[in-house]
Protein chains: 2
Amino acid sequence: MGRVRYLEIAEALRAAILSGDYPVGAQLPSESDLAARWSASRGTVRQAVATLASEGLIGSRQGARRIVLRQERRHSFGELNSFAQWAEGVGHEVRSRFLSRTRRPATAEEAERLALAPGTEILAVLRLRLLDGEPTMVERTAYADWVAAAVEAMEPDCRSVMDGLAAGSAIVAHYGEHLIDALAAGSEDARLLGIRRGSPLLRQRHVSATNTGRPIEWSDDRYLAGSVTFSVSNSAVATPLERHAGDR
Amino acid sequence: MGRVRYLEIAEALRAAILSGDYPVGAQLPSESDLAARWSASRGTVRQAVATLASEGLIGSRQGARRIVLRQERRHSFGELNSFAQWAEGVGHEVRSRFLSRTRRPATAEEAERLALAPGTEILAVLRLRLLDGEPTMVERTAYADWVAAAVEAMEPDCRSVMDGLAAGSAIVAHYGEHLIDALAAGSEDARLLGIRRGSPLLRQRHVSATNTGRPIEWSDDRYLAGSVTFSVSNSAVATPLERHAGDR
DNA sequence: GGAGCCAACTTGTTCAGACAAGTGATTGCC
DNA sequence: GGCAATCACTTGTCTGAACAAGTTGGCTCC
């Protein structure tokens, strides 16, 4: 039980939706009903339902009762930023190995993404990730200079670098930005994943940052086609997903 | 401008960030400063900054001033849901043609996604989209029975079906869900896009719904690799993006 | 000079009340 | 029967106040 009232209410409503008490399309109780039932103010209830709305679970229109849009469990921030945390949360077995770990000057793009001076030395890591024993993803990550030492100290078969940083150095990711596109497998990708060159891959490039906005890592993850799908829900009031033109 | 105070404030702050008055990493004025400057209550200011936070522009931690995370313009809901609206917004020329438009019973998945009884007759549409004259995307859409007539009435070279529905029938999308993955081009995809079979494609499947939660369309859009990138920003408090395991 | 403490500042949470604006159903008129 | 006005209900916006909790920088003391 959190001591935070609105999260308590949000959690109870979320549980009620997931359990089917309020099926998709059903109306939620009115704000005043909920306020009375929880003996909270209307503002607190509004904060609770706003949380669920931002998760895409419910929708609302002025004048009409809130309705249930989806009936699904929500992933946490950690499950999106850490491949290992996600895989374990969904019940898959994950293995991975550092194939190479070298220090080198940052490329122009890496310096830009990591907010470092051009040419600063970063730690470049190449890893192959296995999901339930199958090669699934090739990960090429550039770690900022100030976390490089901590990453280098980790075991070669370390399951989650981000978990390790959080545990060992109290460095925790709070913000992320993700770029998703498709591309053909290069020769290294193909060799590692055991597929032919030119096979389709789903690429997720992402940067993670601390709560002060300081970038930690910039990563290029390439998934075997068909192995994973990304999903986003949006609404007229909250549009987290964007489309950009590529270079071609 | 808008008679809604908090949107006014949010807009002004957004403009200040985009124009560089507050560069990335800079601190925003405190809530009380802003409240005084706009002669608004602190609650209204908080609603304004919450808007920017949900857009990923700024971050906040209890006790410390809010900081600027990004410096980018935000897309609207319409620009994500309508290919034509997006393309025009970023200054590209878009063309498209209905290659086929046929009524047929919904498949199991289509009925599920559109919340229709199994076997209900839907309108299946196949379209090829050109960006600046280049074939870029193949779109296969199933329109729910109750909008089928309105879609059939449209011109064969209609640029935006969603715009047409909004203008002609006052049917407006308010909610959406998007599934993104990669796959190899099938023979029809390859012929339409002018590429070889097996070439990588970026697939975006999405369902659009009205403000009452009623699904309008379920679409399977396949982009040429390299032509577009999707982006999402997230934080520990707002995680709109999810990863799911595929069938393989 | 360095370590630890403290005080000012800032964001997070909650409350109670008020009015604006949109929705849905009922009512009454033609 | 159909149509329009009305009304109760519900969500959206805004205010002002209070206390909790985290951050930061300066100060004192050693």
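Since we're looking at a predicted model, the values are computed, not measured. For the numbers below, each heavy atom of this structure counts, side chains included, while hydrogens, waters and symmetry mates do not.
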What distance separates A:I180 CD1 from A:R243 CZ, expressed to the nearest 0.5 Å?
13.5 Å

Given D:dG12, C:dC15, C:dT11, which nucleotide is nearest the side-chain atoms of B:E31?
C:dT11

Between C1' of D:dT15 and CD1 of B:I9, the distance in whole Å
13 Å

What pairs with A:T107 under side chain to side chain contact (heavy atoms under 4.5 Å, CB included), at least two apart in sequence or on another chain?
A:R104, A:E109, A:E110

Name the residue closer to the 5' end of DNA chain C, choosing between B:S32 and A:A64 according to the nucleotide with the nearest heavy atom.
B:S32

C:dT10 P sits how many Å from B:D33 CG, rounded?
7 Å

CD of B:Q27 versus C1' of D:dT23: gap in Å, rounded?
10 Å

Quick one: label B:R66 by what it contacts on the DNA or RNA (base, sugar-phosphate, nothing), any heavy atom closer than 4.0 Å.
sugar-phosphate

Taking only side-chain nitrogens and oxygens of B:S60, does any of them come within less than 4.0 Å of OP1 or OP2 of C:dG12?
yes

Given D:dG12, D:dT23, C:dC15, identify the nucleotide with an atom nearest to the side chain of A:A40.
C:dC15

Per atom distances to the A:S30 side chain, the nearest of D:dT10, C:dG24, C:dT14 is D:dT10

Rounded to the nearest 0.5 Å, what separation is found between the CG atom of A:L52 and the CG atom of A:L69?
11.0 Å

Would B:F230 and A:H178 satisfy side-chain contact (heavy atoms from CB on, under 4.5 Å), going step by step from the backbone distance to the final call?
CA-CA 8 Å; B:F230 290 98; A:H178 305 258; over 6 Å; no

Looking at B:R101 and B:E152, is any side-chain nitrogen of the basic one under 4.0 Å from a carboxylate oxygen of the acidic one?
no

To the nearest Å, how far apart are B:W38 CH2 and D:dT15 C1'?
18 Å

Keeping the roles fixed (side chain from B:E242, backbone from A:H75), state whether a donor-acceptor pair exists under 3.5 Å.
yes

For C:dT10 and B:R65 - does any side-chain N or O of the residue sit under 4.0 Å from the phosphate oxygens OP1/OP2?
yes

Under a plain distance cut-off of 3.5 Å, with no hydrogens placed, do B:T120 and B:D145 share a side-chain donor-acceptor pair?
no

Looking at C:dT13, I'd like to know if its phosphate oxygens (OP1 or OP2) sit under 4.0 Å from a side-chain N or O belonging to A:T44.
no

Any side-chain to backbone donor/acceptor pair from B:R14 onto B:L57? Under 3.5 Å, distance only.
no

Let's see if you get this right: which residues in residues 45-54 of chain B place a heavy atom under 4.0 Å from DNA chain D?
B:Q47

For the pair made of CD1 in B:I67 and P in C:dT10, what is the distance, rounded to whole Å?
16 Å

Picking from C:dT11, C:dT13, C:dA16, the nucleotide nearest the side-chain atoms of A:S41 would be C:dA16

B:R42 CZ - D:dA17 P separation (whole Å)
13 Å

Side chain of A:R61 only, heavy atoms from C-beta on: which candidate in D:dT13, C:dG24, C:dT13 is closest?
C:dG24

Taken to the nearest whole Å, CZ/B:R5 to P/C:dC19 is 19 Å

Quickly work out the B:Q62 CD to C:dG12 P distance and round it to whole Å.
7 Å

A:L7 or B:N211, whichever maps to the more 5' nucleotide of DNA chain C:
A:L7

